[in-house]
Amino acid sequence: MKYMKTATAFAAAALVLVSACTTPASTTPTTGAPAPEAPSETTPAATEGLRMTILPKNLGNPYFETSTKGAEAAAAEIGATTELVGPTDAAADAQVPYIETATQQKVDAIQISANDQTALCDAIKAAQAAGIKIVTFDSDAPGCRDLFINQATSEGIAKVLVEMAVEQAGGSGEIAVLSATANATNQNAWIEAMKTDLAANHPDIKLVDVVFGDDQDQKSFDETQALLQKYPNLKVIVAPTTVGIAAAARYISTSDAKGKVWVTGLGTPNDMRSFVEDGTVKEFALWNPEDLGYLTTFAAAALVKGEITGAEGDKFTAGKLGEYTVGADNTVLLGDPYRFNAENIADFNF
Ligand code: RAM
């Protein structure tokens with residue numbers, strides 16, 4: 001199984017990334033993006049003409065703009081075309097019409113970060129019945145996909161979230177979670193794993209609440225304010241969502257809580273840079289979303305071409321990332337989360 005091996009490797013990859021903020025909601029190669037590598041001589045001709053739909057939880061989220069950039073780069077390398085579509089909000093069934101349209105269009109594969117693990121399955125199964133390969137990435141729909149490209153194990157993500165919260169709380173006291181949507185498969189798995197870790201290893205830390213900002217900036221901002229009012233002794237807000245962590249940090253940065261209540265979780269360096277620099281945020285984490293999208297496109301292509309079926313032990317090559325092996329539960333792991341802080345944030349641009 002291929003993992004992102006070192007922080008240096010992550011930094012090297014991230015340094016070449018271009019800010020995702022200008023990525024349009026289409027798959028036209030982005031001006032200013034790194035030049036795609038020429039297809040290698042071993043690229044099977046069958047990849048040419050392959051059509052993929054990319055369906056993130058919602059549009060307008062820098063995290064998915066960056067993962068789409070990676071997916072587009074991979075598509076350019078293998079001669080596939082992609083179309084980015086998606087809802088503006090991350091509601092449970094908001095992706096259904098986009099799956100149905102892709103099914104009518106008879107695309108070869110759909111890459112989806114699922115907003116709900118059950119609400120989408122009827123539409124996904126209809127797409128599969130029409131011969132379309134379904135690859136979930138970022139957020140899974142375990143009952144109805146061919147393959148899941150997971151950024152890291154839930155336990156690994158929870159471990160880094162808990163470690164940062166415990167450190168920033170000084171080893172004891174109240175923490176709260178500001179999550180994405182209540183139905184999000186990925187955040188829910190991470191929160192459950194956090195609870196297990198906290199109960200087993202950190203009895204002096206009390207998780208007082210889990211609230212939901214729905215991956216909407218304003219709702220996340222308002223939920224942050226409500227948490228501070230409800231829990232005057234709160235020490236840390238853990239937001240395992242790039243939208244939530246940025247909104248929480250923005251609220252805290254101009255409030256009396258700055259320097260008393262710490263915001264941590266999963267964020268993009270570009271969203272969080274100013275809050276690290278102004279002292280609102282000590283440390284947060286993420287993986288490389290561009291690599292996640294890149295890997296997903298190569299995995300989808302391997303499925304469509306019949307090189308893999310998604311079974312455990314299947315191997316495929318993902319361009320510059322090298323060879324990956326499908327693990328248990330038809331899942332491929334990208335690598336470990338990486339921590340960003342004042343020491344290193346200047347090195348990253350995504
Ligand atoms: C948000 C989304 C996404 C999650 C990241 C960390 O962008 O909820 O699914 O993986 O945060």
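First listed ligand is number 1; within each ligand, the first listed atom is number 1. Scope of the values below: all heavy atoms of this structure, side chains included, with no hydrogens, waters or symmetry mates. Just so it is clear, the structure is predicted and the values come from calculations on it, not from any experiment.
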Are Tyr294 and Phe137, when compared by the centres of their aromatic rings, separated by less than 6.0 Å? no
Check ligand 1 against [X] and write out every atom of the ligand that is under 4.0 Å from a heavy-atom position of the residue.
{"X": "Phe64", "answer": "3 (C), 9 (O)"}
{"X": "Gln187", "answer": "2 (C), 4 (C), 8 (O), 11 (O)"}
{"X": "Asp138", "answer": "3 (C), 4 (C), 9 (O), 10 (O)"}
{"X": "Trp190", "answer": "10 (O)"}

Could you tell me whether ligand 1 has any atom less than 4.0 Å away from a heavy atom of Trp287? yes
Does ligand 1 have any atom that is closer than 4.0 Å to a heavy atom of Asn186? yes
Apply side chain to side chain contact (heavy atoms under 4.5 Å, CB included) to residues Thr185 and Asp116 and explain how you reach the verdict. CA-CA 6 Å; Thr185 324; Asp116 189 279; over 6 Å; no
Between Ser139 and ligand 1, does any nitrogen or oxygen pair lie at a separation below 3.5 Å? no
Check this for me - ligand 1, Asn61, N or O atoms closer than 3.5 angstrom, yes or no? yes
Judged by heavy atoms only, the candidate from Thr241, Asp215, Thr268 nearest atom 2 (C) of ligand 1 is Asp215
Joint cluster assignment, Val263 & Leu161, ILVMFWY side-chain distance < 4.5 Å: yes
Short question: side chain of Lys235, backbone of Ala169 - any donor-acceptor pair under 3.5 Å? yes
Under 3.5 Å donor-acceptor, Gln95 side chain and Asn115 backbone: yes
So Arg51 and Asp108, salt bridge (Lys or Arg N to Asp or Glu O under 4.0 Å) or not? Walk me through it. CA-CA 5 Å; Arg51 291 157 62 229; Asp108 295 295; 5.4 Å; no
